[in-house]
Structures are given as C-alpha cells and as structure tokens.
Amino acid sequence: MNKFTFEAMSLRHGQKGAITMITAVLILVLLTEMIIYAVQTGVFEQRKSSNELRQKIAFNMADSAIQEAKQFMLINSALVSSSMVNLLPDGTDGWLANSGEKRWVSCAGITDQTHPCFAESNANMRAGSYYYSFNNSNTLPLNPKALAAGGGAPTEKVTLYALLCMLDLDRTDPVKVVQGCTIDAAKQDNRYFMVTLAARGEADCLADGSNCKAEALISDKIGSFGPGGGDGGPGVPLAARTAVPLLGTVEIVPNPNGGGIGVPISTW
C-alpha cells in the first residue's frame with residue numbers, strides 16, 4: 001500500500017510541467033498567427049498604396065497630355081476647322097483641305113471599338129465626326145512626357161487622340177439649333193466646331209512599353225461657336241474672373257430666352 005501511494009505521488013510530481021508547456025505552445029501558436037496576419041495586412045497595404053501611386057501617375061500623365069493638346073489646338077486654331085488651301089502666308093493649308101496637309105479623316109464606317117473615333121460615345125455624332133491622322137499616325141504629334149522632371153520615366157507612356165465635330169446648325173429651329181456633327185462640306189461653317197481630346201496615360205510598364213499595370217483615360221472638349229455672335233450666334237456676355245474697370249458705356253439687357261423660348265429674364 002505504501003509502495004502504491006509512493007508511485008502515484010511520484011507520477012503526479014513528474015507531470016507538473018505539462019500544463020505549462022501546453023499553455024506556452026498555444027501562446028506561441030497565437031503569436032505566430034498574429035505575426036502572419038500582421039505581415040499579410042502590411043503587404044496588402046503596401047500593394048494598395050503602390051496601386052494608388054501607379055494610378056495617380058497614369059492620371060497625371062493623361063491630364064498633362066490634355067493640357068498640352070489644348071495648347072496645340074489653340075496655336076493651330078486657324079487651321080483646325082478650315083478647308084482652305086494656302087490658308088496661311090507660308091502656304092499652309094487648313095486641316096480639312098484635300099491636300100497633303102489634311103489631318104482629319106471621317107469616322108463613318110469605322111466599327112473597331114478600340115479606334116480613337118470611339119472616344120465619342122454617341123453613335124450619330126461619331127458617324128459625323130473626324131479623327132486626327134497625319135503621317136500614318138492617329139496620335140497628336142506631342143510628347144507630354146517631356147513636361148515631367150527628367151523627361152518622364154521610361155516605364156510611363158501617354159497617347160493623345162483628337163476628334164473633330166463640325167457642327168450641323170439649323171437656325172430655322174429655335175429649339176434645337178445644333179443638329180449634331182456633319183461631314184457634309186456644304187453644311188460646315190469653320191466658325192462652329194468642337195474638338196474632343198482623349199488621352200490614355202499608362203504607368204509601371206516594361207522597358208518596351210508593354211504590360212502596363214495602371215491606366216487612366218481622360219477626355220475633354222473644346223470648341224468655337226461663332227465668336228462675337230455674328231450671323232445668328234448669340235451675343236457674348238461680359239465675363240470676368242476679377243474686377244473689370246468699366247470705361248465708356250455699357251448696355252445691360254436680359255437674356256432673351258432665359259425663362260424659355262421668347263421669355264427674357266436675367267439673374268444678378
């Protein structure tokens with residue numbers, strides 16, 4: 001009897017550290033899982049930040065391209081919508097002239113949805129529009145990457161496209177003067193047009209420009225609608241960003257159709 005009691009007591013004494021070891025193992029397992037979770041969360045956040053950075057770079061590339069394209073169109077505003085030959089003193093032809101300087105090609109019949117013409121989502125307006133094409137290239141001859149510090153990273157690229165809509169006007173219809181776009185030269189007026197600029201910026205590309213991991217598409221519209229209000233165009237109001245010194249006489253009149261067709265109204 002004493003021998004049995006002694007053996008039982010010895011067995012209990014030998015098993016005292018088992019609970020401590022099991023507890024330590026469980027704590028280590030929990031700590032390991034927490035570390036793994038923290039590492040995974042950190043990696044995810046880094047990937048998310050990298051993706052956001054690439055997207056911002058692509059967007060900024062596209063936005064800078066749009067701004068440069070606007071300046072390009074402004075510099076060439078006399079040529080953009082003209083079909084005249086020898087328009088400028090140096091013999092330069094308008095971009096709609098049927099000559100070597102022609103830069104606008106009709107979008108009619110184009111079905112490839114990756115084509116620049118599809119920057120115009122409205123099918124009817126797209127069919128009556130032109131896309132910019134010169135020297136076997138559909139992109140504008142600009143390099144927005146040169147605006148970036150150091151000329152832009154080799155892993156970034158940007159492409160620029162332009163569409164021209166020669167407005168089809170019907171001045172006999174007071175409700176809908178602009179009918180859409182037209183490629184009919186008889187209906188075109190070089191004072192009434194709209195240019196759609198589209199830019200695709202890409203970032204984190206391979207050295208050869210392929211396999212880009214971020215892309216941003218931006219489009220903007222600029223145009224001319226009969227400056228000065230001549231030949232049926234609306235009168236141009238005085239608009240200013242800051243104070244204007246008013247010298248001489250000024251005539252203030254209500255908007256003739258501000259409250260609807262034939263209902264003059266003005267808000268100050």
* Begin with the C-alpha distance, continue with both residues' side-chain angles, and end with the deciding distance and a verdict on side-chain contact (heavy atoms from CB on, under 4.5 Å) for Leu140 and Phe72. => CA-CA 9 Å; Leu140 294 177; Phe72 176 72; 4.2 Å; yes

* Intermediate values then yes/no, side-chain contact (heavy atoms from CB on, under 4.5 Å), Ser81 and Met166 -> CA-CA 8 Å; Ser81 61; Met166 296 299 293; 3.9 Å; yes

* Asked: Given the rule in the side-chain contact (heavy atoms from CB on, under 4.5 Å) test, do Gln71 and Leu142 qualify, once you have shown the distances and angles that lead to the verdict?
  -> CA-CA 11 Å; Gln71 295 301 316; Leu142 302 173; over 6 Å; no

* To do: Please step through side-chain contact (heavy atoms from CB on, under 4.5 Å) for the pair Ile75 and Ser77, ending with a clear verdict.
  => CA-CA 6 Å; Ile75 293 171; Ser77 58; over 6 Å; no

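Side-chain contact annotation: Asp184 with Thr182, donor-acceptor N/O pair under 3.5 Å absent. Ser82 and Asn190 form no side-chain donor-acceptor contact under 3.5 Å, judged by distance and modelled atom types alone. At a cut-off of 3.5 Å, with distance as the only test, a side-chain donor of Lys102 or Asn98 sits close to an acceptor on the other residue.
Of the inter-residue distances, the one linking Glu33 atom CD with Leu28 atom CG reads 11.5 Å to the nearest 0.5 angstrom. The line from OG of Ser49 to CZ of Arg54 is 10.5 Å long, rounded to the nearest 0.5 Å. Rounding to the nearest 0.5 Å gives a distance of 5.0 Å between NZ of Lys213 and CG of Asp204. Between atom CD of residue Gln188 and atom SG of residue Cys181 there is a gap of 10.0 Å, rounded to the nearest 0.5 Å. Residue Cys165 holds its SG atom at 11.5 Å from CD1 of Ile183, rounded to the nearest 0.5 Å. Within the model, atoms OG of Ser210 and NZ of Lys157 stand 7.5 Å from one another, a figure rounded to the nearest 0.5 Å.
Between Ala62 and Gly201 the shortest heavy-atom distance is CB-N, 3.7 Å. A pairwise comparison of heavy atoms in Ala127 and Ala108 identifies O-CB, 3.8 Å as the closest pair. Cys107 and Arg126 make their closest contact through CB-O, 3.2 Å (heavy atoms, listed as atom of the first residue, atom of the second, distance). Minimum heavy-atom separation, Ser219 to Ile66: CA-CD1, 4.5 Å. Contact record, Ile110 with Tyr131: CD1-CE2, 3.5 Å, taken as the closest heavy-atom pair. The heavy-atom pair separating Asp168 from Lys187 by the smallest distance is OD1-CD, 3.9 Å.
Test Val195, Val105, Leu96 against Tyr130 for side chain to side chain contact (heavy atoms under 4.5 Å, CB included) and you get one pass: Leu96. Arg200 pairs with exactly one of Val158, Leu217, Ile218 by the side chain to side chain contact (heavy atoms under 4.5 Å, CB included) rule, that one being Leu217.
Hydrophobic clustering (side-chain heavy atoms under 4.5 Å, transitive across Ile, Leu, Val, Met, Phe, Trp, Tyr) keeps Trp104 apart from Val85. Tracing side-chain contacts under 4.5 Å through hydrophobic residues (I, L, V, M, F, W, Y), one never reaches Tyr161 starting from Met73; they form parts of separate clusters. Hydrophobic clustering keeps Met194 apart from Leu163 (ILVMFWY residues linked when any side-chain heavy atoms are closer than 4.5 Å, directly or through intermediates).
For the pair Thr41 and Tyr37, the minimum side-chain heavy-atom distance is below 4.5 Å. Contact annotation: the side chain of Asp189 never approaches that of Leu169 to less than 4.5 Å [non-hydrogen atoms, C-beta and beyond]. The shortest side-chain heavy-atom distance between Cys205 and Glu156 does not fall under the 4.5 Å cut-off.
At least one donor-acceptor pair under 3.5 Å links the side chain of Ser64 to the backbone N or O of Asn60. Asn76 places no side-chain N or O within 3.5 Å of a backbone atom of Leu79 that could act as its donor or acceptor partner.
By the 4.0 Å N-to-carboxylate-O rule, Glu120 lies close enough to Lys221 to be salt-bridged with it.
Within the structure, every pair that satisfies the salt bridge (charged side-chain N to carboxylate O under 4.0 Å, His left out) test and touches residues 70-92, not counting sequence neighbours, is listed here: Lys70-Asp220.
A cation-pi geometry, defined here as NZ or CZ lying under 6.0 Å from the six-membered ring centre and within 45° of its normal, holds between Arg103 and Phe134.
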